[in-house]
Every structure is written in C-alpha cells, then in structure tokens.
Amino acid sequence: MSKNTDSYQAGYEAAKTAVERAGGGTPDFLFAFASVSFNQPELVRGIRDGGGKAALVGCSGAGEITNEGPNQKSVGVMAIRSDGISFYTGLGKDIKSGAREAGQAVAREVKAKADKSLRAFIMLPDVLTGNGADIVRGVLDVMGPHFPVVGGAAGDDFLFEKTYQYRDDEVTSGAVGGVGLAGKFTIGIGVRHGWVPIGLPMKVTKAKGAVLYELDGKPAVSIYEDYFGQRAEELRKEALARLAITYPLGLKIPEYEEEYLIRDPITVGADGSITCAAEIPEGSEVRLMIGSKEKAIEAAQDAARHLMKEFEIDKTEPKFVLMFNCIAREKLFAQNANDEIHAVMQIIGPDVPLLGFYTYGEQAPLGGEVRDPEKCDPRFYNETVVMFAIGE
C-alpha cells in the first residue's frame with residue numbers, strides 16, 4: 001500500500017513492495033485498487049513498472065483495504081505467484097449502451113483466452129453508468145447460470161461521479177474488468193449483510209429498473225414517511241441517503257427462506273419515487289431493514305467462518321483473500337471501520353494477505369455457495385461484505 005502523493009510513485013511503490021513480499025521477480029498476477037485522487041493513467045503506469053509488467057486487473061474504489069485496515073487516498077496492490085493457478089483477463093466496455101452486453105463481452109474474452117477449464121470469475125464493474133444486476137446476468141449468459149462469480153463495483157471516494165477500471169496498461173471508465181481463474185485450488189466465498197427486517201412486507205406495484213415508483217399502490221417514499229414521520233420534502237434533502245445507511249430496503253428472495261438482497265435508496269423524485277443503487281422488480285416483496293455496527297460485525301464474522309469451512313473440508317489453507325465491502329458499511333462504522341477488518345482477520349488468520357476496497361455494489365453467489373453447482377446462484381448486492389479466498 002502507498003499514500004505517496006505522486007501518482008506514478010504511489011503505484012510503483014505499492015507494486016514493488018508487493019512483488020518483494022512475493023519473493024521478487026515477475027509475479028503471475030496483480031490486483032490493484034486505488035483512490036481517484038491519483039492521476040489514474042500515471043498510477044497504473046507505476047503499478048505496471050513496479051510489478052514487472054505482470055498481468056493486471058483493478059479499479060478505483062471508495063477506500064482501500066489491507067490487513068492493517070481501511071485507508072483513504074491510497075493504492076493497494078497484491079502480487080500473486082502460483083504454479084497451480086492460471087489467470088485470464090478481460091474487459092467489457094460501454095456499459096451505458098448495454099450493461100448485459102458488456103458483461104457478456106468481458107466473459108467471452110476471458111473464456112476465449114482460457115486454455116484450461118475456468119473455476120471462478122472476478123468482476124469489477126462500473127455501476128454508475130448501468131444496471132449492475134444486468135452486468136452479472138451478462139457474465140452468467142457466457143459462463144453458465146451456476147458459475148462462481150464474485151466481485152465489487154468500482155467507486156470514486158464517495159463522489160458518485162466517475163469510476164475507473166484497469167486491465168494491464170489500459171485505464172477506462174464505464175466498463176467491467178474481469179479475470180478468470182483456472183487450476184486446482186480451493187475456493188472459499190463469504191457473503192453476509194447483517195441487516196434485519198422491520199415493519200410489514202410491502203409489494204412493489206410499480207417499478208422500472210432501479211426506480212421504485214409504488215409500494216402497495218402508494219408512492220414508494222411512504223415506506224420511510226410512515227416509519228419516520230418525515231415528509232417527502234425533508235427526505236429529498238440528502239436525508240434519505242443518510243437513512244439508507246442504517247435503514248435500507250430488503251428485497252425478498254422467494255426461493256430462499258428469510259434471505260433478503262439489500263437495496264440502497266439514493267434519491268427521492270418529485271412523484272415520491274425512490275431511485276435505488278440496483279434494480280427492484282415489479283411484483284417483488286420489499287421490507288424496511290435495520291442495521292447496527294454490532295450486527296454488521298457479526299455478519300462479517302459469519303461470512304469469514306463460511307469462507308473458512310471450504311478450507312477445513314479440503315484440508316487446505318487460504319493463501320490470499322479479496323474483500324469487496326460496501327461503502328455504506330464503512331459509513332455505518334464511521335471511525336471504527338477497522339473493527340470489522342480486524343474481526344474478519346482474527347478468523348481467517350492475521351498473516352493471510354488481504355486486499356480489498358469499499359464498493360458501490362457487490363457480486364457473489366447467494367450464501368457463498370460454491371461446492372454444490374446447482375445451488376451456486378450469483379447475484380448483485382448492496383450494503384454487503386463479500387470475501388473471496390483461494391488456497392492450495
């Protein structure tokens with residue numbers, strides 16, 4: 001990790017340090033997550049030079065995460081050396097013109113390059129320009145409906161203006177970067193949010209994409225007005241975004257008992273509609289959810305324990321962990337965000353290399369299921385922590 005204010009030097013320092021810790025020479029692969037405060041092309045040029053021109057996939061984030069905890073205005077790089085894992089990169093562009101098509105494009109490129117059977121896919125999409133759930137669908141169109149897919153949506157330091165995706169020397173926006181992994185290794189995935197439902201369930205009677213118009217035939221904002229007694233005018237003045245950190249919406253998953261996908265409400269329209277960070281289909285069941293720091297830490301610990309079960313079964317150990325953690329969770333913890341990272345590392349092991357970032361959305365199979373192919377069901381999440389580990 002580096003906080004050097006010179007963009008090239010920051011990338012170079014972080015990559016060089018990671019490579020040295022991996023034993024020197026040229027690694028097989030690099031992951032990189034960084035603040036938008038850097039000049040992005042210069043940053044990536046530094047990472048490439050410091051990393052010996054090793055294959056690279058990464059993106060900008062809303063905060064960077066390492067074993068030591070969360071950081072701001074920094075760049076984090078992970079160098080991987082492995083005789084047993086092959087990495088195949090891809091890039092799907094122009095999400096704005098077709099989110100699903102961009103997902104298909106990145107998956108097709110990865111699949112076409114692979115000369116071995118792929119076992120997992122890591123995606124880093126931009127969801128400011130398109131529907132994140134559609135990007136996931138596009139990847140699954142190519143990889144198969146039950147293929148293990150994980151990842152996090154790129155961020156921009158909580159500005160919500162423009163995110164960046166990296167693949168080797170290329171720096172772009174409005175795209176989805178990805179890497180497929182092939183070989184013989186153990187995969188562990190943990191995914192939890194920790195929010196619990198309150199109040200009565202409501203039916204989505206009118207919605208289009210990420211815009212929720214009506215619940216039970218009433219303007220969508222009424223779910224907050226009824227509970228908090230605030231008028232829509234007050235909720236429009238950024239109050240809804242603040243409330244959503246603790247009180248997001250939960251989208252019921254019919255085929256999974258007591259399981260909800262979290263949806264972040266962002267803005268309120270003049271008609272009382274709510275624009276969310278991801279789609280909410282008409283006809284679905286929605287509930288108001290409540291979160292707390294204690295429940296969020298418990299959820300992160302549960303995710304870490306679930307991840308570790310796969311290694312216990314295979315009698316292997318995790319060699320590295322990637323964390324995709326929603327920016328809403330970092331805001332919930334405020335000055336105590338390190339507590340969540342520390343709680344996770346106690347379970348995984350403090351010496352296991354960890355790299356991650358605070359996201360604008362997360363991707364993973366429901367429940368972190370990877371062992372039973374028929375139950376591996378990747379989805380798009382908000383306000384959730386996703387961890388992905390590999391071991392040999």
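One finds no salt bridge joining Glu285 and Lys203 here, because no Lys/Arg side-chain nitrogen approaches an Asp/Glu carboxylate oxygen to under 4.0 Å. Salt-bridge annotation for Lys218 and Glu214: absent, with no side-chain N of the basic residue lying under 4.0 Å from a carboxylate O of the acidic one. The pair Lys184-Asp83 does not meet the salt-bridge criterion, since no charged nitrogen lies less than 4.0 angstrom from a carboxylate oxygen. With respect to the salt-bridge test (charged N to carboxylate O, under 4.0 angstrom), the residues Asp169 and Arg45 do not qualify.
Arg48 places a side-chain N or O within donor-acceptor distance of the main-chain N or O of Lys53, the cut-off being under 3.5 Å. Between the side chain of Gln40 and the backbone N or O of Ser35, at least one donor-acceptor pair lies under 3.5 Å. Side-chain atoms of Asp314 do not come within 3.5 Å of backbone N or O of Thr316 as any donor-acceptor pair. Not one N or O on the side chain of Asp264 forms a donor-acceptor pair closer than 3.5 Å with the backbone of Asn382. Looking at His193, its side chain does come within 3.5 Å of a backbone N or O of Tyr260 through a donor-acceptor pair. Under a 3.5 Å cut-off, the side chain of Asp126 and the backbone N or O of Gly174 do form a donor-acceptor pair. Judged by distance alone, the side chain of Tyr88 and the main-chain N or O of Leu181 form no donor-acceptor pair under 3.5 Å. Looking only at distances, no side-chain donor or acceptor of Thr246 sits under 3.5 Å from a matching main-chain atom of Ile290. Of the possible polar contacts, one joining the Ser173 side chain to the Thr163 backbone as a donor-acceptor pair under 3.5 Å is found. No side-chain donor-acceptor contact under 3.5 Å links Asp168 to the backbone of Glu170.
Side-chain contact check for Glu13 and Asn4: at least one donor-acceptor pair (N or O, by modelled atom type) lies under 3.5 Å. Checking Ser82 against Glu392 by side-chain atom types alone, a donor-acceptor pair falls below 3.5 Å. Neither side chain, Asp6 nor Tyr12, offers a donor N or O lying under 3.5 Å from an acceptor on the other. Using modelled atom types and a 3.5 Å distance limit, the side chains of Asn71 and Glu64 yield no donor-acceptor pair.
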- Message: Test side-chain hydrogen bond (donor to acceptor under 3.5 Å, both in side chains) on Ser97 and Asp94; report intermediate values, then the result.
- Response: CA-CA 6 Å; Ser97 294; Asp94 203 6; 2.8 Å; yes
- Message: Show, in sequence, the C-alpha distance, side-chain angles and deciding distance for Phe324 and Phe388, and conclude whether the ring-ring contact (aromatic ring centres under 6.0 Å, His included) test is met.
- Response: CA-CA 8 Å; Phe324 309 104; Phe388 173 81; 7.9 Å; no
- Worked check of side-chain hydrogen bond (donor to acceptor under 3.5 Å, both in side chains) between Ser74 and Lys3: CA-CA 5 Å; Ser74 67; Lys3 286 190 173 183; 6.0 Å; no
- Message: With side-chain hydrogen bond (donor to acceptor under 3.5 Å, both in side chains) as the criterion, how do Asp49 and Tyr8 come out once you've worked through the C-alpha distance, each side chain's angles and the decisive distance to 0.1 Å?
- Response: CA-CA 9 Å; Asp49 288 351; Tyr8 175 87; 2.7 Å; yes
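By the 6.0 Å contact criterion, NZ on Lys309 is open, its count of non-hydrogen atoms from other residues, nucleotides or ligands being 12 or less. Environment of CG in Asp372: crowded, with over 12 heavy atoms of neighbouring residues, nucleotides or ligands closer than 6.0 Å. For Lys162, the NZ atom sits in a loose shell: 12 or fewer heavy atoms of surrounding residues, nucleotides or ligands are nearer than 6.0 Å. Heavy-atom contacts from other residues, nucleotides or ligands closer than 6.0 Å to NE2 of His342 number 12 or fewer. By the neighbour-count criterion of 12 heavy atoms within 6.0 Å, atom CZ of Arg371 is densely surrounded, having more than that number from other residues, nucleotides or ligands. Counted within 6.0 Å of NZ on Lys295, heavy atoms from surrounding residues, nucleotides or ligands total 12 or fewer; the atom is thus considered open. Residue Lys96 places its NZ atom among 12 or fewer non-hydrogen atoms of other residues, nucleotides or ligands, all under 6.0 Å distant.
Distance SG/Cys59 to CZ/Phe33: 5.5 Å, rounded to 0.5 Å. To the nearest 0.5 Å, atoms CD1 (Ile245) and CD1 (Ile327) are separated by 8.5 Å.
Within the 4.5 Å cutoff, the side chain of Thr186 has no heavy atoms near those of the Ile390 side chain. Counting heavy atoms from C-beta outward, Lys93 and Val176 have side chains that stay 4.5 Å or more apart. Gln301 is not listed as a side-chain neighbour of Val344, based on a closest heavy-atom distance of 4.5 Å or more. Two residues are said to be in side-chain contact when any heavy atoms from C-beta on lie closer than 4.5 Å; Lys73 and Asp157 meet this criterion.
Follow the hydrophobic side-chain contacts under 4.5 Å out from Phe158 and you reach Val385 in the same cluster.
Checked against the 6.0 Å centroid threshold, Phe160 and Tyr360 count as a close aromatic pair.
The salt bridge (charged side-chain N to carboxylate O under 4.0 Å, His left out) with Arg329 is formed by just one residue from the set Glu383, Glu340, Glu362; it is Glu340. Checked against Glu279 for a salt bridge (charged side-chain N to carboxylate O under 4.0 Å, His left out), the options Arg137, Arg379, Lys208 give a single hit: Arg137.
Relative ring orientation between Phe320 and Phe31 is described as tilted, the plane-to-plane angle lying within the 30° to 60° band.
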